Amino acid sequence: MTKKLWGTRFIKKSNPLMDKFTSSISFDQRLAKYDIAGSIAHAKMLHKQKIISSKDAGLIVGGLKELGAQIGSGRFKFDAGAEDIHSNIQDALFKKIGNPALKLHTARSRNDQIALDIRMYLMEEVSGLVALIAVLQKSILNFARRNNKVIIPGYTHLQVAQCVLLAHHLLAYLESLERDKMRLVDAQKRINAMPLGSCALSGTGLPIDREFVKKELGFKTVTANSLDSVSDRDFIIEVLADLSILSVHLSRFAEDLILWSTKEFNFIDIDFSFCTGSSIMPHKKNPDVLELIRGYAGRIHGDLSNVLILMKGLPLSYNRDLQLDKPPLFNSIDTVKDVLGILAEVFKYIAINEEAVANKLMDESLFSVDVVEYLIKKGISYRQAHDIVGRMVKNCLDKGRKISSLSTVELKKYSPQLEGDVKKILNAWTSVSLKTSYGGTSPRLVRQQLKKWSKRLNA
Ligand code: ARG
C-alpha cells in the first residue's frame with residue numbers, strides 16, 4: 001500500500017471510504033510519464049543548486065528512469081490504493097532506492113506537480129490533435145479532388161437554393177477545420193508555461209532555479225505567479241472550448257453526410273464498412289458512425305460545462321475540486337481523437353451518386369438568381385429584376401412549367417429584356433461558372449482553392 005505523503009500529523013488512520021472517495025489514481029495514472037519527467041528535471045535542479053547531493057540526485061534520477069521504463073513497457077503495477085499518481089511514484093521510488101527518495105519532494109508540492117503534469121500532457125496531446133485535424137483535412141481534400149466536377153444543389157434553410165461545386169462545399173469544411181487548428185495552436189501558447197517551483201501556493205525559501213527546470217522540460221516560459229500557477233485551469237477550459245467548437249463542426253459535417261445519404265437526397269453512398277443494419281428491417285443501411293459523431297458533440301460540450309462550473313466558485317488558490325478537471329478533459333481529448341480518426345476514414349470511401357445528383361440539378365429554381373443577374377446586366381434595377389423573375393417563377397410553378405419551356409414571346413411578357421438567350425444560362429455548369437467573385441463557386445476559383453489547400457496541407 002502506498003504511504004500517504006501527509007500521515008504523520010494525523011492522530012487517526014483514514015477511513016477507507018475517504019481513501020476511496022478522494023483517490024484519483026484510477027484516472028491520473030495516465031500522467032505518469034510527465035510526472036516522472038518533471039521529477040527528473042526537479043531532482044537535477046535540486047542537485048545543481050546544491051540542495052541535494054550528487055549521489056542522491058544520481059540515485060533519484062536513476063530510480064525514476066527505471067520506473068519510467070517499467071511504466072512505458074506496462075510492467076509497472078499502479079497501486080489502486082494510492083491517493084494519486086504523485087504519491088504512487090514517490091512511494092515506488094522509495095521502495096526502489098530507499099531514503100534518498102525522501103529528498104525528491106523538497107521545494108515542491110503536489111499542487112504545482114499536477115499543474116505541471118497536465119500542462120505537459122496537453123502540450124503533447126494538443127499537437128497530436130492538430131496533426132489529426134490535418135489528416136482529416138487531407139482526406140476531405142482528396143474527396144473533393146476526386147469529385148472536382150460534381151455540382152450539387154446548395155441549400156439555405158434546408159430549401160434548395162443555388163448550385164455549388166461539391167468541392168466548394170467541402171472546402172468550406174477545410175476552412176473551419178483550419179480555424180480549429182489555429183485555435184488549438186494558439187491555446188498552446190498559454191499552456192506552454194512551467195509551474196513547478198510554485199510549491200503549494202506561495203513559492204519557497206529554498207534557492208531553486210525555475211529557469212533551469214523550464215529548459216530541462218522544454219517549456220517556453222515559467223509561470224509568473226505562484227498562486228495563479230496552482231489554482232487556475234483556464235488553459236484546460238480553453239482547450240475544451242476549442243474542442244467544443246471543433247465538435248460542432250464535426251457534427252455539422254456528419255449531419256450533411258447523413259442528409260446526403262438519405263433516399264430523399266441520395267447524393268452519396270456511405271461505404272458499407274462504416275454503416276450498420278437493422279435487426280428488424282432487412283433493407284436498412286444506417287449511418288450510425290456519423291450519428292455518433294453528432295452525438296459525441298454533446299458529451300464534449302458537457303465536459304466544457306463541467307469544468308466551467310467546477311471552477312466558478314473556487315476561492316484562490318488550490319482546492320481539491322480541481323482534481324475533477326481531469327476526467328472531462330481526458331474524455332474530450334480521447335473522444336475527439338476517435339472522431340477525427342474515423343471521419344477521415346469515412347471520407348476515403350464515400351461514393352457520389354452522380355445520376356441522382358444530376359437529376360436534382362434539373363430543378364430550374366436553382367437558377368433564378370442567375371436570371372435576376374442576367375437582367376441586372378441589361379440595366380434593370382435589382383428590385384425590378386427580382387419582381388420580374390418572381391412573377392415568372394410563380395406562374396411556372398402554378399402551371400407546372402419550366403422556364404426553359406417558355407417561348408420568346410412568353411418570356412418577353414415578363415420583361416422586354418428577357419430574350420431567348422436567357423435559356424443558355426439555365427444549367428448548372430453555367431450557373432456555377434458565373435460565380436466569379438472572390439470566394440465564389442466558379443470552377444476556376446475552386447480549382448485555385450484546391451491547389452492552395454493541396455500546397456498548404458502538403459497533400
Ligand atoms: N490529485 C490532485 C489533483 O488532481 C493532485 C494534487 C493534490 N494536492 C493536494 N494538496 N491534495 O488535483
Side-chain angles (χ1 to χ4, degrees), residues 144-145 147-176 252 256 259-260 265-267 352 354-453:
R145 287 198 297 207
N147 300 288
N148 63 356
K149 300 251 157 58
V150 174
I151 299 172
I152 57 168
Y155 291 76
T156 61
H157 311 268
L158 202 52
Q159 305 288 326
V160 165
Q162 290 179 268
C163 292
V164 290
L165 280 168
L166 171 68
H168 192 57
H169 189 114
L170 297 168
L171 287 173
Y173 297 172
L174 294 203
E175 295 284 345
S176 13
R252 293 187 69 182
D256 274 350
L259 281 174
W260 290 353
F265 277 77
N266 199 21
F267 291 1
I352 306 287
E354 300 213 16
E355 216 186 295
V357 176
N359 280 336
K360 302 263 184 215
L361 300 176
M362 307 306 276
D363 176 354
E364 291 181 351
S365 52
L366 284 164
F367 314 122
S368 65
V369 177
D370 301 325
V371 180
V372 170
E373 291 187 356
Y374 165 97
L375 289 171
I376 291 171
K377 284 176 191 161
K378 292 196 166 190
I380 295 183
S381 75
Y382 163 75
R383 193 66 267 159
Q384 270 181 307
H386 193 283
D387 287 348
I388 292 164
V389 178
R391 249 180 288 127
M392 190 166 71
V393 167
K394 182 184 180 302
N395 286 345
C396 282
L397 284 174
D398 290 348
K399 298 191 179 121
R401 293 191 59 184
K402 297 185 96 179
I403 303 174
S404 57
S405 75
L406 299 177
S407 67
T408 316
V409 178
E410 285 173 305
L411 283 170
K412 292 238 184 250
K413 273 197 220 145
Y414 296 103
S415 160
Q417 274 86 348
L418 265 179
E419 297 179 65
D421 65 346
V422 75
K423 293 185 192 175
K424 284 201 205 125
I425 63 170
L426 300 176
N427 67 82
W429 189 256
T430 306
S431 180
V432 291
S433 301
L434 285 168
K435 308 302 180 315
T436 51
S437 59
Y438 180 72
T441 193
S442 94
R444 186 179 55 82
L445 290 168
V446 172
R447 256 195 319 275
Q448 281 173 7
Q449 289 292 319
L450 286 170
K451 252 196 218 143
K452 178 195 88 180
W453 279 104

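In this text the structure is predicted, and so the values were computed from the model without any measurement.
- Remark: R447 engages no residue in a salt bridge (Lys or Arg N to Asp or Glu O under 4.0 Å) (not counting sequence neighbours).
- Note that CD1 of I388 and NZ of K413 are 15.0 Å apart. Values are rounded to the nearest 0.5 Å.
- Put simply, the side chain of C163 reaches to within 4.5 Å of the side chain of F367, judged on heavy atoms.
- Annotation: side chain of I152 is not in contact with side chain of I352 (no heavy-atom distance under 4.5 Å).
- We find the OG-CD1 distance between S404 and I425 to be 12.0 Å, quoted to the nearest 0.5 Å.
- Using modelled atom types and a 3.5 Å distance limit, the side chains of K452 and Q449 yield a donor-acceptor pair.
- Proximity of a side-chain donor or acceptor of S437 to a complementary backbone N or O of G440 within less than 3.5 Å is not detected.
- Counting heavy atoms from C-beta outward, L259 and L158 have side chains that approach closer than 4.5 Å.
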Exercise for review: Kindly indicate, with the supporting measurements, whether the criterion side-chain contact (heavy atoms from CB on, under 4.5 Å) is fulfilled by K424 and T430.
Suggested key: CA-CA 8 Å; K424 284 201 205 125; T430 306; over 6 Å; no
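- Side-chain contact check for I151 versus V357: every heavy-atom pair is 4.5 Å or farther apart.
- In this structure the side chain of L361 reaches within 4.5 angstrom of the side chain of P153, judged on heavy atoms.
- In this structure, L450 CG and L445 CG are separated by 11.0 Å, a value rounded to the nearest 0.5 Å.
- Residue pairs meeting the salt bridge (charged side-chain N to carboxylate O under 4.0 Å, His left out) criterion with at least one member in residues 357-373, sequence neighbours excluded: D370-K435.
- The list of salt bridge (charged side-chain N to carboxylate O under 4.0 Å, His left out) pairs with a residue in residues 394-408, not counting sequence neighbours, reads K394-D398, R401-E410.
- The shortest heavy-atom contact between S368 and V389 is O-CG1, 3.8 Å.
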Which atom pairs, donor and acceptor, lie under 3.5 Å between side-chain atoms of residues 376-385 and protein residues at least two apart or in another chain?
residue	atom	partner	partner atom	Å
K378	NZ	Y374	OH	3.0
K378	NZ	Q417	O	3.1
K378	NZ	E419	OE2	3.0
S381	OG	Q384	N	3.2
S381	OG	Q384	OE1	3.4
R383	NH2	H386	ND1	3.4

For residues 165-175, tabulate all N or O donor-acceptor pairs below 3.5 Å that involve a side-chain atom, not counting sequence neighbours.
residue	atom	partner	partner atom	Å
H168	NE2	G439	O	3.4
H169	NE2	Y173	OH	3.3
H169	NE2	D256	OD2	2.9
Y173	OH	D256	OD2	2.6

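- In terms of heavy-atom proximity, L426 sits nearest to V371 at CD2-CG2, 3.8 Å.
- Within a 6.0 Å radius of CZ in R145, other residues, nucleotides and ligands contribute more than 12 heavy atoms.
- Environment of NZ in K451: sparse, with no more than 12 heavy atoms of neighbouring residues, nucleotides or ligands closer than 6.0 Å.
- Annotation: side chain of C396 is in contact with side chain of L406 (closest heavy-atom distance under 4.5 Å).
- By the side-chain hydrogen bond (donor to acceptor under 3.5 Å, both in side chains) test, T436 is found to be paired with no residue, residues two or more places apart in sequence or in another chain being considered.
- If you take CG on L366 and CG on N427, they are separated by 11.0 Å, rounding to the nearest 0.5 Å.
- Y155 is listed as a side-chain neighbour of V160, based on a closest heavy-atom distance under 4.5 Å.
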